Protein chains: 2
Amino acid sequence: MNIGQAAKASGISEKMIRYYESIGLIGPVSRTEAGYRVFREKEVHALRFISRARDLGFSVEQMGNLLALWQDRHRASADVKAVAQAHIEELDGKIQKLQDMRRTLEHLVKHCRGDERPDCPILSDLAAESVAESHERDVETS
Amino acid sequence: MNIGQAAKASGISEKMIRYYESIGLIGPVSRTEAGYRVFREKEVHALRFISRARDLGFSVEQMGNLLALWQDRHRASADVKAVAQAHIEELDGKIQKLQDMRRTLEHLVKHCRGDERPDCPILSDLAAESVAESHERDVETS
DNA sequence: ATTTGACCTTACAACAATGGGAAGGTTTAT
DNA sequence: ATAAACCTTCCCATTGTTGTAAGGTCAAAT
């Protein structure tokens, strides 16, 4: 199976397959005389594994861990669970941050007339002289 | 005011200030004889604007639009609102995606014993021979 | 047998946004 | 005069992915 076939079979682009090989996420793929990569079921299976993990937002590093665990017949499921849980917490952090932004923005948008006049609370807020927001200017010992 | 002061006053790192100048997000800053950048209130004000927009997750491109509108006395607030609303939708998309991941992962984690044994539904799911599309995973059948 | 087109190879650049660091010039305070 | 604290530009790395260029290979049609 050539790389094009493997890409279609796994849902990972040729580019990314080569990349994953180059960084060692998947071991070196065997080649034909001419240098073409040859994929067998084993490799394609791993690529599909990667594809699914990627869909769940795992980083390349985390995928490396998961792949290692997958291939370790003596793994403890606790180790796998730990990776997954850490990722859930990462996701929670990101979701939280995005929702905070969303809330603030939603609030501003709700108060903007959205007509031809220039007055706009969104810009006013962005341009506001810093009041008691998260940034600090003071650095001197007072 | 030198760049270090401007950085402290705006909450944007020196690095990023130079970068924002280099890509034209802020106009060229005037210089001393020796080549040091000189920031006046006007520039610092713009940097603070950028800092706030960035905290709300606006991209550099969107910030460019917002800055232009901010400086356009004849803007229509509708234009500002449109930028903000587009961004809210972007945020919604990202949140949605992350929550989908989170849900799936949470489900898998819940069904993993997390003990010494190797059996793990998380790995089983990732390794599954594709049955249906990856989105059609089993959802809370209780 | 040669051409064509679809495939493969590597290598390099780019994206967004940010940080790190080197090598060197300037200002300020001692 | 000298050291410390600034500033400057330039290049590199990150994460994950795509694009492109220049070239080698394979299979089918001429």
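What you see is a predicted model, and the numbers here were worked out from it, not measured in a lab. In the text below, chain A, chain B and the rest are named by the order of the sequence lines, each starting its count at 1.
In this structure, A:Glu14 atom CD and C:dT10 atom C1' are separated by 14 Å, rounded to whole Å. When the C1' atom of D:dT17 is taken as reference, atom CE of A:Met16 falls 6 Å away, rounded to whole Å. The NZ atom of A:Lys15 sits 10 Å away from the P atom of D:dT18 (whole-angstrom rounding). Between B:Ile50 atom CD1 and C:dT18 atom C1' there is a gap of 15 Å when expressed in whole angstrom units. If you take CG of A:Asn2 and P of D:dC26, they are 10 Å apart, rounded to a whole angstrom. In this structure, B:Leu25 atom CG and C:dA16 atom P are separated by 12 Å, rounded to whole Å. Remark: C1' of D:dC11 and CZ of B:Arg18 are 14 Å apart, rounded to the nearest angstrom. D:dT14 atom P lies 11 Å from atom CD1 of A:Ile23, rounded to whole Å.
Contact annotation: A:Tyr19 does not reach the phosphate of D:dT15 (side-chain N/O to OP1 or OP2, under 4.0 Å). The side chain of A:Ser13 places an N or O atom within less than 4.0 Å of a non-bridging phosphate oxygen (OP1 or OP2) of D:dT18. Between A:Tyr20 and D:dG16, a side-chain N or O to OP1/OP2 separation shorter than 4.0 Å is absent.
Side chain of B:Ser77 to main chain of A:Arg117: a donor-acceptor pair is present (N/O by atom type, distance under 3.5 Å, no hydrogens or angles). A:Gln5 places no side-chain N or O within 3.5 Å of a backbone atom of A:Asn2 that could act as its donor or acceptor partner. Under the 3.5 Å distance criterion, the side-chain polar atoms of A:His87 are left unmatched by any main-chain donor or acceptor of A:Gln62.
Non-hydrogen atoms lying under 4.0 Å from DNA chain C are contributed by B:Ala34, B:Tyr36, all within residues 29-45 of chain B. Listed in residue order, the members of residues 59-67 of chain A having a heavy atom less than 4.0 Å from DNA chain D are A:Ser59, A:Val60.
Of the residues B:Met1, B:Glu21, B:Glu14, the one that meets the side-chain contact (heavy atoms from CB on, under 4.5 Å) test with B:Arg37 is B:Glu21.
Using a 4.0 Å cut-off between charged nitrogen and carboxylate oxygen, A:Asp100 and A:Arg103 count as a salt-bridge pair.
Below 30°, between 30° and 60°, or above 60°: for B:His45 and B:Trp70 the angle between ring planes is above 60°, a perpendicular geometry.
Residue contacts shown for B:Arg54 are limited to sugar-phosphate atoms, with no base heavy atom under 4.0 Å away.
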